Chemist: 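Have a look at this one before I ask anything.
All values reported here derive from a predicted model rather than from experimental measurement. Every chain is numbered from 1 and lettered A, B, ... according to where its sequence line falls, protein lines coming before strand lines.
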There are 2 protein chains.
Amino acid sequence: MIENRRQVRTDGTGNADILETAAQCFMEQGFSATSIDDVARRLGATKGRIYHYYSSKTDLFFDVHREGMERLFQAVEPVMGIEGTGVVRLRAMLTAHAMAMMANAAFEAVVVQGVHMHRMAATTPDQRRTLDDLIAIRRRFESLFKQVLQEGVDDGSIRNVDISISAKAMLGAINWLSVWYRPAPDETEADRQMLAERIVTTQIDGIRS
Amino acid sequence: MIENRRQVRTDGTGNADILETAAQCFMEQGFSATSIDDVARRLGATKGRIYHYYSSKTDLFFDVHREGMERLFQAVEPVMGIEGTGVVRLRAMLTAHAMAMMANAAFEAVVVQGVHMHRMAATTPDQRRTLDDLIAIRRRFESLFKQVLQEGVDDGSIRNVDISISAKAMLGAINWLSVWYRPAPDETEADRQMLAERIVTTQIDGIRS
DNA sequence: GCAAGTGCATACTACCGAGTATGTTGTGAA
DNA sequence: TTCACAACATACTCGGTAGTATGCACTTGC
């Protein structure tokens, strides 16, 4: 039964709406301040609909978290393989990451919250496993940047910095977008691109040889 | 009556313990997941003690927030007036900020949460006013950095960057410490200094002329 | 056309947590 | 010594919320 609910995750009927709405609520009010009824009301539905797909509020949150991570990977991984030195590829990855943070503000805000929850007391063993999975995914994401950073150091395009600290600082500067970034009413893709490139340029110039 | 409770804020009897413990709880579990009973239990006391000093959970949170901001100001403002070019002073300020983030991890984690709450629905008009105050204080803190950034651009020690975006990115890289930094068991002041300087150096090198 | 399941809504329960009302004990001033 | 008040503890209330049990229309394979 629970396994069925898990599998429903990626089919695109009412589920995508639930995920999107839940992401909005979690972004605005946080996990524990958001009630299932809040999400349902915003959907124009009732709890029944949500509990039909998700067996608990925590599971719903985790699924939003997972979707947020998937979107980050889909944004960053493709540009990871482009031609160029380490610094060129890293710049492209960071820019893609920043763009994804803005394009999926709600989901990525949940991802940021999820990082905070790493120490959370996940009630059921099943949830604990899911949480550990998410932590591992997050680590893998960070290691993408560390890897290219290292390659940049090796090919001489990046200074000999502390990989781990530099990665955390750069990703921090970008992730911090989820704290202060709010889409302007008449904002275009080009505006976001400009913003992303300015942030990334500062970070890149801090480590380039 | 309420005014009395406000005034008690800075006397140092049991109040400081409440503030410290509350900061710990808010850091670990977040605002809404933390119950007053949680804080009381951790104090080895009961709700009565807390409600004797604070009229609501929100007020307690705001007071922790304010204390966190005060500590940041006390760390950064003194070094703002040192001798040197803009880039030299900015480096000192950022380093002091990073050190304060680590030294007061619990309080600063609450400050970060407070930023998220800017859109919160503060119930009473009194709380709304307090929240607006905190927002203003936060703006003033950010403007300290913007000011020195501008002076650095003017005296030629800093490149001609977008002041607002650069400030947010640099502060973001440092504030992100509250997400991933956890004090190591045998950590010394020197260790933290080393970490702070590495993060700050990357940021400074990104904007220096 | 019917049985079995899907996709919800409705109607509950049980509990937790914020805030309150009311003790109780110490303590300093007069 | 006593009175007033501070500094809590104890014992409640009551609204909100996660989760459940059940009902009900609608579809789909057979």
Chemist: Would you tabulate the pairs of protein nitrogen or oxygen atoms and nucleotide nitrogen or oxygen atoms of nucleotides 22-26 of chain C closer than 3.5 angstrom?
Modeler:
none

Chemist: Going by salt bridge (charged side-chain N to carboxylate O under 4.0 Å, His left out), name the residues that satisfy it together with A:E28, two or more places apart in sequence or in a different chain.
Modeler: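 A:E28: salt bridge (charged side-chain N to carboxylate O under 4.0 Å, His left out) contacts with A:R42.
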Chemist: Quick check: on DNA chain D, is the nucleotide nearest A:D38 upstream (toward 5') of the one nearest B:A45, or the reverse? Name the residue that is more 5'.
Modeler: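 Its nearest nucleotide being more 5', the pick is B:A45.
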Chemist: Would you call the rings of B:H97 and B:F145 parallel, tilted or perpendicular, where under 30° means parallel and over 60° means perpendicular?
Modeler: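 Correct class here is tilted.
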Chemist: Might you list the N or O atoms of the protein lying below 3.5 Å from N or O atoms in nucleotides 18-22 of chain D, with each pair's distance?
Modeler:
residue	atom	partner	partner atom	Å
D:dA18	OP1	A:T34	O	3.4
D:dA18	OP1	A:K57	NZ	3.1
D:dA18	OP2	A:I36	N	3.0
D:dA18	N7	A:K47	NZ	2.9
D:dG19	OP2	A:Y51	OH	3.3
D:dG19	OP2	A:K57	N	3.1
D:dG19	N7	A:K47	NZ	3.1
D:dG19	O6	A:K47	NZ	3.0

Chemist: Any pair with a residue in residues 98-115 of chain A that passes salt bridge (charged side-chain N to carboxylate O under 4.0 Å, His left out), sequence neighbours left out, goes on the list, sorted by first then second residue, please.
Modeler: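 Applying salt bridge (charged side-chain N to carboxylate O under 4.0 Å, His left out) to every pair that reaches into residues 98-115 of chain A, excluding sequence neighbours, yields nothing.
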Chemist: If the threshold is 4.0 Å, N to carboxylate O, is there a salt bridge linking A:E142 and A:K168?
Modeler: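 A salt bridge is present here (some side-chain N lies under 4.0 Å from a carboxylate O).
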Chemist: Return the value, rounded to whole Å, for the distance between atom OH of B:Y53 and atom C1' of D:dA9.
Modeler: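 Value for this atom pair: 13 Å.
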Chemist: Give the rounded distance in Å between these two atoms: CD of A:Q29 and P of D:dG16.
Modeler: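 Atom CD in A:Q29 sits about 14 Å away from atom P in D:dG16.
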Chemist: So, does A:D191 use its side chain to make a donor-acceptor pair with the main chain of A:E187 at under 3.5 Å?
Modeler: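 Not a single qualifying donor-acceptor pair exists.
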Chemist: Determine whether a donor-acceptor pair (N or O, by modelled atom type, separation under 3.5 Å) exists between the side chain of B:N104 and the backbone of B:A100.
Modeler: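 Side chain of B:N104 to backbone of B:A100, a donor-acceptor pair under 3.5 Å: yes, one is there.
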Chemist: Nearest-Å distance, CZ (A:R49) to P (C:dT10)?
Modeler: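 Those two atoms, CZ and P, are 13 Å apart.
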Chemist: What residues, two or more places apart in sequence or in another chain, satisfy side-chain contact (heavy atoms from CB on, under 4.5 Å) together with A:T46?
Modeler: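 Testing A:T46 for side-chain contact (heavy atoms from CB on, under 4.5 Å), a comparison that skips the adjacent residues, returns none.
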Chemist: Taking the side chain as every heavy atom from C-beta outward, state whether A:P183 and A:M102 have any atom pair closer than 4.5 Å.
Modeler: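 No, their side chains stay 4.5 Å or more apart.
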Chemist: CZ of B:F61 versus C1' of C:dG17: gap in Å, rounded?
Modeler: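 Spelled out: CZ on B:F61 to C1' on C:dG17 is 18 Å.
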Chemist: Would you call the rings of B:F26 and B:F31 parallel, tilted or perpendicular, where under 30° means parallel and over 60° means perpendicular?
Modeler: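 The rings of B:F26 and B:F31 sit tilted, inter-plane angle from 30° to 60°.
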Chemist: Could you point out which residue of B:D133, B:D126, B:D132 forms a salt bridge (charged side-chain N to carboxylate O under 4.0 Å, His left out) with B:R129?
Modeler: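 With B:R129 as partner, B:D133, B:D126, B:D132 yield a single salt bridge (charged side-chain N to carboxylate O under 4.0 Å, His left out), made by B:D126.
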Chemist: Does A:R89 form a salt bridge (Lys or Arg N to Asp or Glu O under 4.0 Å) with A:E83? I'd like the steps, not just the answer.
Modeler: CA-CA 7 Å; A:R89 293 162 64 212; A:E83 279 303 308; over 6 Å; no
Chemist: Tell me the interatomic distance from B:Y54, atom OH, to D:dC8, atom C1', rounded to whole angstroms.
Modeler: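 Atom OH in B:Y54 sits about 15 Å away from atom C1' in D:dC8.
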Chemist: Quick check on the helix from C:dG1-D:dC30 to C:dA30-D:dT1: what's the angle between its two end axes, five base pairs per end, to the nearest 10°?
Modeler: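 That helix has its two terminal axes inclined by roughly 10°.
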Chemist: As a test of reading the structure: which of C:dA9, C:dG7, D:dC8 is closest to the side chain of B:H52, going by heavy atoms?
Modeler: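 Of all the options, the side chain of B:H52 is nearest to D:dC8.
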